[in-house]
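Taking it in order: structure first as structure tokens, then the write-up.
Numbering starts at 1 and runs along the sequence shown.
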Amino acid sequence: MATLVVLAFKDETGAAQMRDRLAGLQRQQLLSLADAAVVVRRRDGKVKVKQAVSLVGAGALGGAFWGMLIGLLFAAPWLGKTTDAGSSAPGDYGVDEEFIKEIAYKIEPGHSALFLLVESWTREKVMDEFAGFDAEVLQTSLSTEDEAKLQAAFGADE
């Protein structure tokens, strides 16, 4: 079972700084990531997404998933805005829509977030490392079935 973890920062640089620390946690074998992405919501409201290829290679989900997820966060269809008629909701892939709503409200203009798809971790030690940063940690579990749905829809071929 994978865990989707989001670290929400109240500045534009915190997510990138934490991303850089994760490589050390991986070397210590405290954390194994399937995928990761940094999201920066600039003060003008524009969103920049960068997949953390240096941490995960091509990643399990790829840019299409992160693009869909980030698009849903900032299109905010639950606030009355609509998306394309053929678009999917995160719930279609096992990502809880309440979790998505919570994240959307946390990433305000001038903030950043680090999205992690965690395969395995020594949770207490990694959380201790997160505590050294001024970040709010949000997480949700994905069943093996939900993770398979995500990889089938968005992932790289195994």
Quiz item: With a 4.5 Å heavy-atom cut-off, do Gln28 and Glu129 have their side chains touching?
Solution: no

Quiz item: Would you call the rings of Phe130 and Trp121 parallel, tilted or perpendicular if under 30° counts as parallel and over 60° as perpendicular?
Solution: tilted

Practice problem: Please name the pair of heavy atoms, one in Arg123 and one in Gln139, separated by the smallest distance, quoted to 0.1 Å. | Solution: NH2-OE1, 3.4 Å

Quiz item: Minimum heavy-atom separation for Thr122 to Gln29, with atom names?
Solution: OG1-O, 4.4 Å

Quiz item: Do Ile107 and Val47 have side chains that get closer than 4.5 Å, going by heavy atoms?
Solution: no

Quiz item: In Å and rounded to the nearest 0.5 Å, what is the OG to CG distance from Ser141 to Leu4?
Solution: 9.5 Å

Practice problem: Answer yes or no: is there a side-chain heavy-atom contact under 4.5 Å between Phe9 and Gln17? | Solution: no

Quiz prompt | Leu114 CG to Arg21 CZ distance, which is reported to the nearest 0.5 Å | solution = 13.0 Å

Quiz prompt | Glu108 side, atom CD; Arg43 side, atom CZ - distance, nearest 0.5 Å | solution = 11.0 Å

Practice problem: Identify the two heavy atoms, one from Gln26 and one from Leu33, that lie closest to each other, and give their separation to 0.1 Å. | Solution: OE1-N, 3.6 Å

Practice problem: With the side chain counted from C-beta on, respond yes when Val126 and Val5 share a heavy-atom pair under 4.5 Å apart, and no when they do not. | Solution: no

Exercise. Could you grab the distance from atom OG1 of Thr13 to atom NE2 of His111, nearest 0.5 Å is fine?
Key: 11.5 Å

Quiz item: Roughly how far, to the nearest 0.5 Å, is CG of Leu7 from CG of Asp134?
Solution: 11.5 Å

Quiz item: Hey, does Glu124 have a side-chain heavy atom less than 4.5 Å from the side chain of Met127?
Solution: no

Exercise. Answer yes or no: is there a donor N or O on one side and an acceptor on the other, between the side chain of Ser112 and the main chain of Ala15, under 3.5 Å?
Key: yes

Self-check item: 4.5 Å side-chain heavy-atom contact, Asp44 and Pro109
Solution: no

Quiz item: Who are the side-chain contact (heavy atoms from CB on, under 4.5 Å) partners of Glu102, not counting sequence neighbours?
Solution: Lys106, Leu138

Quiz prompt | Interatomic spacing from CZ in Arg19 to CG in Leu116 - rounded to 0.5 Å | solution = 11.5 Å

